[in-house]
There are 2 protein chains.
Amino acid sequence: MVDMTDTAATGTDLAGLAGLLADRTRATVCLALMDGRAWTATELARHAGVAPSTATEHLNLLVAGGLLTDVRQGRHRYVRLAGTPAAELVERLAAAAGELAPADGGGAERPAPSSLTAVHRRHALAAARTCYDHLAGRLGVAVTDALTARGYLSWDRGLTLTDDGDAWFAVLLDGASWPPASRRPVVRSCLDWTERRPHLGGAAGAALCTHAVEASWVVRAGRTRALRLTDAGRSALRDVLGLDLT
Amino acid sequence: MVDMTDTAATGTDLAGLAGLLADRTRATVCLALMDGRAWTATELARHAGVAPSTATEHLNLLVAGGLLTDVRQGRHRYVRLAGTPAAELVERLAAAAGELAPADGGGAERPAPSSLTAVHRRHALAAARTCYDHLAGRLGVAVTDALTARGYLSWDRGLTLTDDGDAWFAVLLDGASWPPASRRPVVRSCLDWTERRPHLGGAAGAALCTHAVEASWVVRAGRTRALRLTDAGRSALRDVLGLDLT
DNA sequence: GCGCTGGTTCGGCGCCGGCCGAAGCGTCGC
DNA sequence: GCGACGCTTCGGCCGGCGCCGAACCAGCGC
């Protein structure tokens, strides 16, 4: 819960924060970083289609604004989203950008049928993707539902991990990385903007996602946030969760 | 229902939406509207400290962007947040503006604790105020309800004043200023923006308001539109309308 | 009819910010 | 040492946008 008394954001504050995301290039950068990984400055520059010098300026702004953090390593500058609040903000805003009606009576259609590859990418994202550092899309929601159906997650009085669920995670992760060490909330409900239903976030969601990648349940589709479920992943999910994905 | 496959926000989309809130004036407007009420264009212009023409442009942008909706009523333009998603977005962004670390060590302090008087004024306005020239707020709606309950107002096929109602006004106003001389409609339904319910406007509403002020049923709170119900007014309303206000 | 007032449209002004290319600086590998 | 590479800093260009004032339009009351 947020402390409201301290949240007396002035118009200037709000405008400042929104201004960070109000630029096409910066927005593209933030969306790219939603895969939870750290990108180098030049990678982002290429991705956004601007000169390296331009990217530097944008990254400086975003870091100064608290949305991104960077790490210098050798001659590289690695940049990532600053944390869960930042990721949530971008996610929320991106979702709203799709939801909100244009209100101009349907004059400007979507800019164009968009390239065919864009359509494919969209479908891939809706099927399975990472949301910051955990699973999202139909896959993420399905996994969350399965965890709930088996009694590993409880939604009474907020989302909690049951004792059975804790045990399940311990077995799955082989004790090595469980329970999580960080102070971060173990489970957290994250609203999925393609499914409009919650999926599992938090430390548990992150650990599960990490495991899924390491165990090759899923593979990243190129450089995007999209994931592709492997055959091994499909059978593994059936084994450990009784989840039958077509 | 929105087509899901279309909900893949691009950097441009995100930037566009964020851009709506990336201006100090527009952000101030949206924050002001967070009280759920509808404001007139000039009220907002004054509140934000810009010329009316400037406010018009901003409001057009916000409406076109789907964040705000407006209703023309007479010569006024009432504006309010488009809906729950829009309000949630602003809320979220405002909260994040407070949460996110400034990252610059914390130079500029908060300008002011956002006066306590503003809160008081809001409450006072919701309780009772003038709406152009008639009573509004909880008081205005309560009076209107009482008039209806006693059969003085009829809402079949539009709002009309019944014969009993006409007589009631004649008695109350002592014949002097009744019936009203102007060509203005005698009764008129006016939507109350704090109560979201209709209250009485038109010549009858204006006459009633005038009488209420002259008979000291209510007194104006300073220079604002807010009204304060006096003890005399409370007992008078009980006498003439059977209206029991706590 | 007239005057008042709330709102909008239109020109024009000034500034801010995004962009680039060129030059500079550090790191890495040879 | 040297070049290659990643990144940054600095001018400078240009478009866009927020602002205003003046004129105009439309309700409303008289």
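We name chains A, B, ... by the order of the sequence lines, and we start the count at 1 in each one.
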For the residue pair B/His211 and B/Trp217, does the interplanar ring angle fall in the parallel (under 30°), tilted (30 to 60°) or perpendicular (over 60°) class?
perpendicular
For the pair made of [atom1] in [X] and [atom2] in [N], what is the distance, rounded to whole Å?
X       : N      : atom1 : atom2 : answer
A/Leu21 : C/dG17 : CG    : P     : 15 Å
B/Leu59 : D/dG18 : CG    : C1'   : 14 Å
B/His58 : C/dT8  : NE2   : C1'   : 15 Å
B/Leu62 : C/dT8  : CG    : C1'   : 16 Å
B/Tyr78 : C/dT8  : OH    : P     : 13 Å

For [X] and [N], is the shortest distance between a side-chain N/O and OP1 or OP2 below 4.0 Å?
X       : N      : answer
A/Arg24 : C/dG18 : no
B/Arg77 : C/dG6  : no
B/Thr54 : D/dG18 : no
B/Thr56 : C/dT8  : yes

Within the structure shown, what part of the strands sits under 4.0 Å from B/Arg72 by heavy-atom distance: base, sugar-phosphate, or nothing?
sugar-phosphate
So A/Thr42, base contact, sugar-phosphate only, or nothing? Heavy-atom distance under 4.0 Å.
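Contact class for A/Thr42: sugar-phosphate only.
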Can you figure out which of D/dG18, D/dT8, C/dT9 approaches the side chain of B/Leu61 most closely?
D/dG18
Nearest to the B/Val50 side chain among D/dC19, C/dC19, C/dG7, which nucleotide is it?
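Taking heavy atoms from C-beta onward, the closest nucleotide is D/dC19.
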Rounded to the nearest 0.5 Å, what's the gap from [atom1] on [X] to [atom2] on [Y]? Could you check?
X        : Y        : atom1 : atom2 : answer
B/Asp163 : B/Trp168 : CG    : CH2   : 15.5 Å
B/Thr40  : B/Leu44  : OG1   : CG    : 6.5 Å
B/Leu229 : B/Leu135 : CG    : CG    : 10.0 Å

Side chains of B/Tyr152 and B/Leu200: closer than 4.5 Å at any heavy-atom pair?
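The answer is no; the side chains never approach within 4.5 Å.
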Could you check if a side-chain atom of B/Leu67 sits within less than 4.5 angstrom of a side-chain atom of B/Leu81, using non-hydrogen atoms only?
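No, every pair of side-chain atoms sits at 4.5 Å or beyond.
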Judged by atom type as modelled, is there a donor-acceptor pair below 3.5 Å linking the side chain of [X] to the main-chain atoms of [Y]?
X       : Y       : value
A/Thr42 : A/Ala45 : no
B/Arg26 : B/Leu20 : yes
B/Thr28 : B/Arg24 : yes

Might you list the N or O atoms of the protein lying below 3.5 Å from N or O atoms in nucleotides 25-29 of chain C, with each pair's distance?
unit_1: C/dT27; atom_1: O2; unit_2: A/Arg75; atom_2: NH1; d: 3.3

Base versus backbone protein contacts along nucleotides 10-15 of chain D [heavy-atom cut-off under 4.0 Å; B, S, -]
B-----
